[in-house]
There are 4 protein chains.
Amino acid sequence: MAGVNKVILLGNLGADPEVKYLEGDNVVANLRLATTESYKDRNGNKVEQTEWHDLELWGGQAKIAEQYLKKGSQIYVEGKIKSDTWQDDQGQNRKRIKIRVLSFTMLGGRSDSMGNEGGNPTQQSQPTSKPAAQSAAATSSGPDLSPAGDDDDLPF
Amino acid sequence: MAGVNKVILLGNLGADPEVKYLEGDNVVANLRLATTESYKDRNGNKVEQTEWHDLELWGGQAKIAEQYLKKGSQIYVEGKIKSDTWQDDQGQNRKRIKIRVLSFTMLGGRSDSMGNEGGNPTQQSQPTSKPAAQSAAATSSGPDLSPAGDDDDLPF
Amino acid sequence: MAGVNKVILLGNLGADPEVKYLEGDNVVANLRLATTESYKDRNGNKVEQTEWHDLELWGGQAKIAEQYLKKGSQIYVEGKIKSDTWQDDQGQNRKRIKIRVLSFTMLGGRSDSMGNEGGNPTQQSQPTSKPAAQSAAATSSGPDLSPAGDDDDLPF
Amino acid sequence: MAGVNKVILLGNLGADPEVKYLEGDNVVANLRLATTESYKDRNGNKVEQTEWHDLELWGGQAKIAEQYLKKGSQIYVEGKIKSDTWQDDQGQNRKRIKIRVLSFTMLGGRSDSMGNEGGNPTQQSQPTSKPAAQSAAATSSGPDLSPAGDDDDLPF
DNA sequence: TTTT
DNA sequence: TTTT
């Protein structure tokens, strides 16, 4: 009991967010995030290695993602590992891992999509007045302000 | 804007928690936490180096700390760095750093103080029914369930 | 480029380590780690949710794991997410995620397996003189002392 | 024993790095990093709170910082808390905390200082051939490739 | 499929 | 003293 399951990622989106509005006022966004690491191999050649992560955001954070993120966006993410298990059509047990995002922060984007004045680096800033939006902004210094929906009990 | 300020500590308490009940139903607990690292120096001798951290907990977490932690307790902590600045009696500007705890988890205690059956490794488990207790337990997998008081606006 | 891919886990092993000695002096250990989170559902009932993680350790850390860890051991882990992809016997592309461990620390075991005197909380402490042991111990305060083999270029 | 002392920061530099070359081929860089968090107070007004951190880098990382970082640079940092203690001129014991940087990654700067072609977001990328440079680049996905000098034994 |  |  009493565990810690924490993931910290910083990378770029490989595609625009995929957002689904569900019954009961629920929203979920799925993101594909690339984290690339480069190192030199034994011959001194630079090697790049990219890992792709499936991110899942719920509620207000999903809406913020839909509104401000797009292919190429650079974000910092905190979350946890969550596995889905199911049976495939052959009746085989399958497992898939996703990162359940608890907070994220937009980084130094070129902001062309945010319509913000000036074109400077932006965050998911000033997401108007929605409480959920506030939460995502607040998370910049820690996931402590996360609103309902961030908990792990499934949102439906 | 949009920063991350996150601290992760795992160590042992150097003393029992110091808890103060303030006006307005506020509670604050101060803890001294030691994190010890050992390494070998250039001569292959093992060296231990201990860093002492001043932790500050508010609200429900302070109460849980008061109830379950004591000198020697091993805990895992997530928080952020916060500085206090003031003038000393010479009129000099002074600064002090504390770790504002956002969540913590008790580890492998010998549980003699928790009255739990069996003496197995325990956490701040089963802290009965208090909502605050729930919050601290929940934080084990992320600080997302933190209750009021975890935000950064000062609690008074 | 320039990404961060970091995982922090704290939990218990579901089984003894599985260790394989490979050609070329390489060793790999596979661990199953459970991180359990508990929270109250909307009805106030306590719910426990366990996530199982597949950990992979190489080199000296694999040997330390073999020597000191066993089913039930509580450990703190830092690592990164790594995916394996392959084709299954139906010719389908499959993907599996593992946690590549970069450092770990043993926590508060009751040490019955480590033969340490006294039964106090122990870590992978004093793992005698092996350099590998030193590395794993050192990582407790940061993965900075990781020895060869911690890099991401595959060890064979 | 066996502790974890980890700090993760993401913010902007308040000034250019201060770099000192010491005897014995040692280099140290000091940085001032701001992490800003914004939240709404109880009246719904947006409040910004900035924490300033003193960072210390050694060796190759200090050189990379000198070469690529400047006032305003946005960086992601991993490190640990380290305290200095000394006696002030009144003979009083004083303590100061610094963040010992173990790895860092440059983020989405507008790169005007790096002379890189195009003005796109850059990291401390391709820092040519210096081994130290490699180390800092490598740290982007984890501090596991840190070279000598990242250890905690003082570099002189 | 991102980014440099 | 940064950044938005």
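Below, chains carry the letters A, B, ... as their sequence lines are ordered, and counting in each starts from 1. Keep in mind that what you see is a predicted model, and the values were worked out from it rather than measured.
- Rounding to whole angstrom units, CD of residue A/Glu18 and P of E/dT2 are separated by 15 Å.
- Closest approach to the A/Thr36 side chain among F/dT4, E/dT2, F/dT2 is made by E/dT2 (side chain taken as heavy atoms from C-beta onward).
- Whole-Å rounding puts the A/His53 NE2 to E/dT2 P distance at 15 Å.
- Residue contacts for D/Thr50: at a heavy-atom cut-off of 4.0 Å it reaches a base atom on one of the strands shown.
- Taking atom CD of residue A/Gln49 and atom P of nucleotide E/dT4, one finds them 20 Å apart after rounding to whole Å.
- Remark: C1' of F/dT4 and OH of A/Tyr76 are 19 Å apart, rounded to the nearest angstrom.
- Taking atom OH on A/Tyr39 and atom P on E/dT4, their separation rounds to 21 Å, with Å as the unit.
- Taking atom CD on D/Gln74 and atom C1' on F/dT4, their separation rounds to 10 Å, with Å as the unit.
- With sequence neighbours left out, A/Asp88 forms a side-chain hydrogen bond (donor to acceptor under 3.5 Å, both in side chains) with A/Arg94.
- What separates CG of D/Leu107 from P of E/dT4 is a distance of 12 Å, to the nearest Å.
- Annotation: the span from D/Phe104 atom CZ to D/Leu57 atom CG amounts to 6.0 Å, rounded to 0.5 Å.
- A side-chain donor-acceptor contact under 3.5 Å links D/Glu51 to the backbone of B/Ser83.
- Going from atom CG of A/Leu13 over to atom P of E/dT2 covers 11 Å, rounded to whole Å.
- Closest approach to the D/Glu48 side chain among F/dT4, E/dT2, F/dT2 is made by F/dT4 (side chain taken as heavy atoms from C-beta onward).
- Legend: residues meeting side-chain hydrogen bond (donor to acceptor under 3.5 Å, both in side chains) with A/Glu56, ordered by chain and number and at least two apart, are A/Trp58, A/Lys98.
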